[in-house]
Student: 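If you scroll down you'll find the structure; I have some questions about it.
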Amino acid sequence: MKKKWFASLVSSTLIAGLLAGCGGGSESTESGSKATAAATAAAAAEAKPGKQVELSFLYQMDTARPQALWDSLISEFQTKNPNIKIKGMAYPDVAKKQDYIKTLYATGQIPDVTLAGLEDIKLINGVFMEVPERITSIFDPNAISKRNGKVYVLPTAKYIMLDVFYNTEIFTKNNLTPPKTWDEFVKLCQTLKSKGVNPMVEAGQAVSGYILHNPMMTVMLNEIDKDYPNKLVSGQMKFNGPEITEIAKRFQSLWKSGFYHEGSLSFTAPQKEEAFMKGSAAMVIDGQFNAAKFAQGSSFKVGWFPLPAMKSADMYPVMYGDDVGVSAKTKNPEEALKLVEFLFSDDVYRKLIAPMSATHTTKKPITYEQNYLSTSMNEISSKLAPKMSFMKIEEFPSGTAEAFRSAAQEIAYGNDVQKSLDQLESKFRKLLETQKK
Amino acid sequence: MIIKGKVSFLFILPALIAFFFVRIVPMLRAFYFSFTDWDGYTTNVNIIGLENFATLFRDPSVGNSVAVTLIFVIASVLVINLFAVIFAVLLKNTGALIGIYRSVFFIPIVISPVAVAFIWRSMYSYDGLINYLLNLLNITSGHIGWLTDSKLALVSVIIVNIWRNIGFHMVIILAALTTIPKELYEASDIDGCNAWQKFKSVTFPLLAPGLTVSVILSTIGSLKQYDLVAVLTDGGPINATQVLSIKIIQDAFRYNQSGYASAISFILLFGIIAVTVIQHMILKKREVEY
């Protein structure tokens, strides 16, 4: 009797768990929306009757932009557009968002509107619908990219990309200043190491945790030849050619010289950030999107400098990202574009970019109170030349970022540089062939 | 009889239809795509014959994945079944507590493999539980990169796979043990056999059918292992844990080579079938009846 009772209890629990698990990812959105159900109903009563549609909206939820923010934005949109219901969903794992969106696309489940994670998938033709001129006209022409003369995704943020944040206390204590050439940078690391300070910390387990592709490749290749993206695509320059081989060897020498915090290859992005904020390393490579975190989370003042190229430090990698795209297969294109326009309306847009310390991509400036670090980054970078981040070059085919990340990891682990780059070159040419088809 | 057969067939028809559309149709489509250059997204699909199959036999990364998979499978199958037999033999004599022990050992297989992998990844991390305990007990002074040292990562992943699957296979062996007639043990007692002799001459030979099933299931499960490896290491570091299933997914979704990935998946399928048939032929010969 006891066994039957116990079995019934376990079975009921399992069934309940199964049903709960089948609930999908929109529960918190729905619970957030419930709170404004009355307001929505009132607005609906006043609004003109329109076609009732449901849009799916995929976004990136993280510590900077938590679920509550997305719930409030969705609720606000639904209040203004009572005939449109938003089914919101967050990327389940931000580190694998690009895999996630590609899997959704491959299975025919790409959401109507997606914000963030589009860096790779936007390079595939036919995924997103063309954005009409009435929307693209509000953007800074430098911010938006075109494929075959058309705009398919819109960047919400301009970031100063992965570059060097440093512990000003450690630098001051050791009479160090930001370097202006690569040799000065290496000498700086040697000085720190000789004084028992970890020069840098990295996140080997993070998605893009390697200094090699940002900023080294960006500034060093731009110093060699500004037209390097086209030359790589056309084959005039090769990944296993002398230029990139030299850059990769310099990168490997940083690891072999022991300039990285012990365990860097094991660290996740949060562990890397924590190690820097605790003062365990003098420098960390990260993006402007983490400036607020470093500014608020460190017990010391944080500074920023652009990683030097061989001869100068007058460039920095920039990225126009956190793109918004409307699926080419959406059944409600006009309503989807309404959501896109809403995301770029002044107050809403400010709420999107402020937590990320990002700069607007629209012609109209969107200002907000910035932390000291972000302000300092903007001031310093205003005197420098922005260069498109190497990993965001749109001439490169989809899959290039993953192939490069893999090669960078092999090089960091001490593998033969030429062999890794030979494999990368072969992979890159294959990806180009696939894209052309 | 014919009417009874038709009625029975009607009852299993829904399951057959579901099986057909969920398993057979995707498999046939994948087989078709393995002869094409499909990128997984476009409708522009060109038939390229056996080019994908020719390429994969020349691709060093496929060779690496096969080697990693073989090491993973052989180590997992040997250790899982060895410990499953040991634990089953020990648990058989625990009397009233056997139910509790069986449940405890079975729990890992019930937990989602993704959850298991996340927990172990946390334990394996730089300042995770394992390094903490090793430092506390003065076994090591530094931090070991369990999942980031290319020489250790595969071992670490195998340990998790073994931990998760021992309980399930122990239950299979335990069930097989209960079918061994008690009279044989009584007869061996009369003959003056010690515990080891009883195991060698009575238990192990009669355990063969259960062991056959356990070995075959553990081999198939290990050959197609994906979720544990994906969460723990995602095939890294530097492809040290890139088993074939990881390679297939990465080629399909990261490098947009779904046709090529389909070809690799069929090689994996044929490999699993071949290994299963061979295992069955070898292990079946060992089964005895007294």
Side-chain angles (χ1 to χ4, degrees), chain A residues 3 10 14 21 92-93 95-96 98-103 105-108 110 120-121 123-127 204-205 207 261-268 271-272 274-275 397-403 405-415 419-420 423 426-427 430-431 433-435 437, chain B residues 26 36-46 48 55 58-61 64 99 103 110 112 114 118 121-122 124-128 131 142-153 230-240 242 249-261:
Chain A
K3 275 190 184 174
V10 170
L14 284 171
D93 182 354
K96 298 209 165 121
Q98 297 192 28
D99 288 348
Y100 184 73
I101 187 73
K102 283 174 102 172
T103 311
Y105 178 63
T107 54
I110 191 167
D120 198 50
I121 197 172
L123 302 173
I124 299 171
N125 293 328
V127 179
Q205 298 304 296
V207 174
H261 187 300
E262 188 215 350
S264 277
L265 287 171
S266 307
F267 282 170
T268 57
Q271 285 174 317
K272 171 190 87 169
E274 195 186 329
S398 168
T400 304
E402 174 59 28
R405 192 195 67 81
S406 184
Q409 190 183 53
E410 288 176 15
I411 293 167
Y413 268 78
N415 277 20
K419 195 174 160 195
S420 299
Q423 285 171 2
S426 168
K427 197 94 198 171
K430 236 182 187 169
L431 290 171
E433 262 177 55
T434 307
Q435 181 113 320
K437 285 171 191 167
Chain B
T36 70
D37 62 354
W38 190 44
D39 64 357
Y41 308 107
T42 62
T43 51
N44 183 19
V45 177
N46 302 307
I48 55 172
T55 305
R58 291 193 305 260
D59 187 347
S61 63
N64 173 70
S103 302
V110 173
S112 151
V114 173
F118 269 115
R121 196 170 82 175
S122 169
Y124 274 140
S125 68
Y126 181 78
D127 46 8
N131 279 332
H143 294 91
I144 299 174
W146 295 101
L147 297 175
T148 54
D149 183 336
S150 55
K151 296 185 182 75
L152 280 179
V231 175
L232 283 168
T233 58
D234 200 23
I238 50 173
N239 302 326
Q242 193 190 48
I249 297 295
Q250 286 181 352
D251 276 352
F253 292 105
R254 291 195 191 161
Y255 298 121
N256 309 325
Q257 293 178 309
S258 288
Y260 184 58

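Below, chains carry the letters A, B, ... as their sequence lines are ordered, and counting in each starts from 1.
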Student: Got a second to check how far B:Arg254's CZ is from A:Thr103's OG1, nearest 0.5 Å?
Tutor: 9.5 Å

Student: With a 4.5 Å limit on heavy-atom distance, are the side chains of B:Asp127 and A:Gln271 in contact?
Tutor: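 Yes. Closest side-chain heavy atoms under 4.5 Å.
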
Student: Does the structure place the NZ or CZ of A:Lys102 under 6.0 Å from the centre of the six-membered ring of B:Tyr41, at an angle of no more than 45° from the ring's axis?
Tutor: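 Negative - A:Lys102 is either too far from the ring of B:Tyr41 or too far off its axis.
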
Student: Starting at CG of B:Asn256, measure out to CG of A:Leu123 and round the result to the nearest 0.5 Å.
Tutor: 9.5 Å

Student: Could you give the distance from NZ (A:Lys427) to CD (B:Gln257), rounded to the nearest 0.5 Å?
Tutor: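 Spacing of NZ (A:Lys427) from CD (B:Gln257) equals 5.0 Å.
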
Student: How long is the straight-line distance from NE2 of A:His261 back to OH of B:Tyr126, given to the nearest 0.5 Å?
Tutor: 5.5 Å

Student: Please find the pair of heavy atoms, one from B:Gly145 and one from A:Ser266, that lie closest to each other, and give the distance.
Tutor: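 Shortest heavy-atom separation between B:Gly145 and A:Ser266 comes out as CA-OG, 3.9 Å.
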
Student: With distance as the sole test, does A:Gln409 use its side chain to make a donor-acceptor pair with the main-chain N or O of B:Ile238 at under 3.5 Å?
Tutor: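 Side chain of A:Gln409 to backbone of B:Ile238, a donor-acceptor pair under 3.5 Å: yes, one is there.
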
Student: Would you confirm whether A:Tyr413, through its side chain, and B:Thr148, through its main-chain N or O, come within 3.5 Å as a donor-acceptor pair?
Tutor: yes

Student: Using 0.5 Å steps for rounding, measure from the CG atom of A:Asn415 to the OG atom of B:Ser150.
Tutor: 7.5 Å

Student: Can you tell which part of A:Gln423 gets under 4.5 Å to a heavy atom of chain B, answering side chain, backbone, both or neither?
Tutor: neither

Student: Can B:Asp251 and A:Lys430 be counted as an ion pair, charged N to O under 4.0 angstrom?
Tutor: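 No, no charged N to carboxylate O under 4.0 Å.
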
Student: Only pairs of heavy atoms separated by less than 4.5 Å count here; which of A:Leu431, A:Val127, A:Asp99 has the most with chain B?
Tutor: A:Asp99

Student: Identify which part of B:Thr55 has an atom lying under 4.5 Å from any heavy atom of chain A, answering side chain, backbone, both or neither.
Tutor: side chain

Student: Among all residues two or more places apart in sequence or in another chain, which pass the side-chain hydrogen bond (donor to acceptor under 3.5 Å, both in side chains) test with B:Ser125?
Tutor: none

Student: Name the member of A:Gly108, A:Ala403, A:Gly126 that forms the most heavy-atom pairs with chain B at distances under 4.5 Å.
Tutor: A:Ala403

Student: Would you give the length of the straight line joining atom OG of A:Ser406 to atom CG of B:Asn239, rounded to the nearest 0.5 angstrom?
Tutor: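 If I round to the nearest 0.5 Å, the distance is 5.0 Å.
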
Student: Taking A:Pro397, A:Gly263, A:Ala401 one by one, which has the highest count of heavy-atom pairs under 4.5 Å against chain B?
Tutor: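 Most heavy-atom pairs within the cutoff with chain B belong to A:Gly263.
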
Student: Kindly write out the residues that satisfy ring pair (Phe, Tyr, Trp, His ring centres under 6.0 Å) with B:Tyr255, not counting sequence neighbours, or none if the list is empty.
Tutor: none

Student: Quick check on B:Ala230 against chain A: is it the side chain, the backbone, both or neither that has a heavy atom closer than 4.5 Å?
Tutor: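 The backbone, not the side chain.
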
